[in-house]
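Written out below as structure tokens is the structure these notes cover.
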Number of protein chains: 2
Amino acid sequence: MATLSDVARLAEVTAATVSNVLRNPDKVRPETAKRVMRAIRELGYRPNLNARALAEGRSTTLALMLSSIANPFYPEFVLAAERAARRAGYFLMVCNTDDDAEIGRAYLTQIAGTLAEGVLVLNTDIAINELCETAAVGAPIVLSLWEHPGRLPALPCVAVDFAQAGVLAARHLLELGHRDIGMLIGDGCGGLQDARATGFRDVMRDAGLEPDNAAVREIPDTIDAGYAACIDLLARESHLTALFATNDLLAIGALQALATRGHKVPDDVSVIGITDIQLAHQVRPSLSTVAINTEAIAQASIDLLIRLIRDPDVQTPLVVDVPPPVLVRRQSTAARK
Amino acid sequence: MATLSDVARLAEVTAATVSNVLRNPDKVRPETAKRVMRAIRELGYRPNLNARALAEGRSTTLALMLSSIANPFYPEFVLAAERAARRAGYFLMVCNTDDDAEIGRAYLTQIAGTLAEGVLVLNTDIAINELCETAAVGAPIVLSLWEHPGRLPALPCVAVDFAQAGVLAARHLLELGHRDIGMLIGDGCGGLQDARATGFRDVMRDAGLEPDNAAVREIPDTIDAGYAACIDLLARESHLTALFATNDLLAIGALQALATRGHKVPDDVSVIGITDIQLAHQVRPSLSTVAINTEAIAQASIDLLIRLIRDPDVQTPLVVDVPPPVLVRRQSTAARK
DNA sequence: TTGAAAGCGCTAACAC
DNA sequence: GTGTTAGCGCTTTCAA
């Protein structure tokens, strides 16, 4: 591959000038620039981003750490994050930790501050204080999709008001007249989704409804688990008229279970989730849910990370706001009969 | 961040020795190594992968170009590819082209051969000959999930026998006694999935069944499109007892449409897809499909790419074999009534 | 076994 | 405007 000096030689200038043509075009005479450009084209020259990163002391790559991109929520986030990064001139490296803290740690020590200029961490089994150590010596780290508004991490983060999502779901079901409501609480790699459950329960209590623990299942955050838990719930708690799931995946699993067991949704049972993943509108009946604005969250996360890269002196901890969750009414919820 | 020479200074050796401790441990006296290791730990030294890449003239990053990771098939591929890359000591950069050839081109010219040592291309709007040009000057490029066994590209590729997948689907439906079969043919970013359709039709013809064009829909490769097309098909072609979709997404959309219209699957209509994405076993009724071995394909693709990186002289074009597709019987297909 | 020196391809002062 | 020079952090001969 042609290098800067190859181009310089052909254009009969020095490497510095070629560099300037590419980086500070106004600093070089048009004719010279033209000659250089011709040489660049002729040789098919493309700058070596590695060398540039080394010389500039910063790279143009960001890393995104998540447990597994196979979880259907993440691709949407990744797509949005990658677009945001691209718009800002960065590449995105995707790091699946496979729920293995060792892998996460390995990634972090290898790339933070060298290959990647900053790291966006979604959910992780790595302890926050470990992340802090890395942030202290290496590149900035931003925690996104932070789920625990009560306890803020010692790192910059993008917190999502999941409690409010729970609140909206609860209000919706209450308004529809539901009183006997089962709960599927997801236990993802970010831990139990308890903010969502708490928001939901608070509204219920305010309405004079005490939670019925027999109708609650804490389960892994997957369609399969939602399906199994719902089958079980239907067998034991036949009085339920609605189901609240802390996550669309669980809700979709529940939808399948209800169909399998011959229950009509929403006539017999209403179902609502949280997130509004793509699939939520693609299943039938389509899933009512509380949408978090994935795109805005991803964009805000990348923005924050880049801000931290540009100005490392920004005071941390630092929390960035994103649009609040929004109820999305679809076919899976209806008035209690 | 601490550098090699920081470590060297502290350990009272030269940078070369530190480098050797890390890369050629056997070349350095144990006591020295120990001293160096202590210094490394003390300073929290981590090698700068950028500098290393520059010095070695090669990086440890691979790029994966695809149209959009939001397409539910890709995350599974990406996960497998990233694991394979990681096992081989490489990082994976994910590049969404958003079905925009310009973006793909920009990625290619920027990273191929500099940031990324090799590029894996899944489906692309970039013309093959453009890819060849890049491959000629920059890093090796491997085409994966190649769908057209008849016309092999001028690039190394991992071809999947999708025609055979169509054959298996056809045989399955025939064995179940179906004769009136609708077809949903996906038109993805890799172009019309015609190998799959051709394989299917060939078997049908051999069985004396001429294709009924009125029962065929060529549509974008999404759940939504599958849903819409199926709704339409049901309205016009009520005699159909089975549906073949060239892709699980379409089949899943069809499943939803059938449920919406009150048709029982598989009692009234059987449905079969191709790929076996995760979702295929998670929907109810679960989807019968022809599985391509995504993990093996991803692994083979990464292997081939790395082989090409290590030994650029390998004769191209080059096609790598992967396990043939396999029929997966689930709940969505049953004998014609 | 260790060190000295050159260089990977590029950028960034600073001088001309 | 353009060239000279030094250096980013590392690897890699080659000498010692």
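Protein chains get the first letters and strands the later ones, always in sequence-line order, with residue 1 at the start of each. Given the structure is predicted, the values throughout are model-derived calculations rather than measurements.
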Closest nucleotide among [options] to the [X] side chain:
| X | options | result |
| --- | --- | --- |
| A:R23 | D:dT12, C:dC8, C:dT11 | C:dT11 |
| B:A16 | C:dG9, C:dG7, C:dA5 | C:dA5 |
| A:A15 | C:dT11, D:dG9, C:dA5 | C:dT11 |

Indicate, with a heavy-atom threshold strictly under 4.0 Å, whether [X] touches base, sugar-phosphate, or nothing.
| X | value |
| --- | --- |
| B:T14 | base |
| A:T114 | nothing |
| B:S19 | base |

Can [X] and [Y] be counted as having a side-chain donor-acceptor contact under 3.5 angstrom?
| X | Y | value |
| --- | --- | --- |
| B:N129 | B:E133 | no |
| B:Q299 | B:R83 | no |
| A:Y74 | A:N123 | yes |

Identify, between B:A33 and A:N50, the residue whose nearest nucleotide on DNA chain C lies closer to the 5' end.
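Nearer the 5' end of the strand: B:A33.
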Residue met sooner reading DNA chain C from 5', once A:K27 and A:P47 are mapped to nucleotides
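Upstream on the strand: A:P47.
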Over how many whole Å does the gap from [X] atom [atom1] to [N] atom [atom2] extend?
| X | N | atom1 | atom2 | value |
| --- | --- | --- | --- | --- |
| A:L4 | D:dT2 | CG | C1' | 15 Å |
| B:L54 | D:dC8 | CG | P | 13 Å |
| B:R9 | D:dC10 | CZ | P | 12 Å |
| B:R52 | D:dT11 | CZ | P | 4 Å |
| A:Y45 | C:dG9 | OH | C1' | 7 Å |

Going from CG on A:L10 to CZ on A:R41, what distance comes out if it is rounded to the nearest 0.5 angstrom?
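These two atoms lie 11.5 Å from each other.
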Shortest non-hydrogen contact from A:L62 to A:A116?
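It is C-CB, 4.1 Å.
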Which comes earlier along DNA chain D counting from the 5' end, the contact point of A:A51 or that of B:L22, where each point is its nearest nucleotide?
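By nearest-heavy-atom nucleotide position, the 5'-most residue is A:A51.
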Does D:dG3 have its OP1 or OP2 closer than 4.0 Å to a side-chain nitrogen or oxygen of A:T17?
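So the side chain of A:T17 is within the cut-off, an N or O lying under 4.0 Å from OP1 or OP2 of D:dG3.
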